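Here is the structure we will look at.
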Amino acid sequence: MERQTMRHMKAKRIYQVLMILQGIFWCWLCVSSAVMPQTVPLPVTILMGVNAVCFTGFAFLFDRARWLNILALLFLLGNLILTVTDQMGVYDWIALALNLLTLAAWFYQNKQRGNATR
């Protein structure tokens, strides 16, 4: 039982690190879009900042309640869909890879959570 709890804690930590990494990535994109003279509209830059806050928030709040965990999954899936339906540039490929890794970590930590409660 103790071993399963340790696995769950590791899985949770991996998920949190990936979510925080995505938050940092989106924060960096937001700041670079706001500072650099590019063709990124202001609403898109604001949405990048909101995305960064959501990723960081879900990193710490996803296990507080079951509905937050499901909301984190829906947020990841929505982000994945929006990334794929965009024009694929270098940053989109990075976001896609991070989203897929985070989604896999979400499923893994939920599997470990189920094993730890048995």
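These numbers come from a predicted model, not from an experiment.
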For [X] and [Y], which heavy atoms make the closest approach, and how far apart are they?
X    : Y   : result
D92  : T83 : O-CG2, 3.3 Å
S32  : L29 : OG-O, 3.1 Å
Q109 : K12 : CB-N, 4.0 Å
A52  : C27 : CB-N, 3.5 Å

Among the clusters formed by ILVMFWY side chains lying less than 4.5 Å apart, do [X] and [Y] turn up in the same one?
X   : Y   : value
I14 : I20 : no
L47 : M36 : no
Y15 : V17 : no
M88 : I94 : yes
L21 : L61 : yes

For V44, which residues count as a side-chain contact (heavy atoms from CB on, under 4.5 Å) partner, sequence neighbours excluded?
V40, P41, M48
Residues forming a side-chain contact (heavy atoms from CB on, under 4.5 Å) with I81, sequence neighbours excluded:
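With neighbours one apart ignored, the set is T85.
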I want to check something: taking the side chain as every heavy atom from C-beta on, are L68 and F62 in contact at a cut-off of under 4.5 Å?
no
Side chains of F25 and Y91: closer than 4.5 Å at any heavy-atom pair?
yes
Got a sec, which pairs hit ring pair (Phe, Tyr, Trp, His ring centres under 6.0 Å) with one end in residues 29-53, sequence neighbours left out?
none
For residues 67-90, which residue pairs qualify under ring pair (Phe, Tyr, Trp, His ring centres under 6.0 Å), counting only residues two or more places apart or in two chains?
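Those involving residues 67-90 are F55-F75, F58-F75.
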Mind checking the [atom1]-[atom2] spacing from [X] to [Y]? Nearest 0.5 Å is all I need.
X   : Y    : atom1 : atom2 : result
T56 : N51  : OG1   : CG    : 9.5 Å
I46 : S33  : CD1   : OG    : 11.5 Å
L18 : L103 : CG    : CG    : 11.0 Å
L74 : N69  : CG    : CG    : 10.0 Å

So, using ring-ring contact (aromatic ring centres under 6.0 Å, His included) as the criterion, who are the partners of W93 when residues are at least two apart?
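Scan of W93 (ring-ring contact (aromatic ring centres under 6.0 Å, His included), adjacent residues dropped) gives none.
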Check against side chain to side chain contact (heavy atoms under 4.5 Å, CB included), L73 and F107:
CA-CA 9 Å; L73 172 65; F107 282 110; 4.2 Å; yes
Partner set under side chain to side chain donor-acceptor pair (under 3.5 Å) for Q22, not counting sequence neighbours:
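So Q22 forms a side chain to side chain donor-acceptor pair (under 3.5 Å) with N99, T102.
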I'd like to know if the side chain of N110 reaches the main chain of W106, judged simply by a donor and an acceptor atom lying under 3.5 Å from each other, with no hydrogens or angles considered.
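The answer is yes, because a donor-acceptor pair under 3.5 Å joins these two groups.
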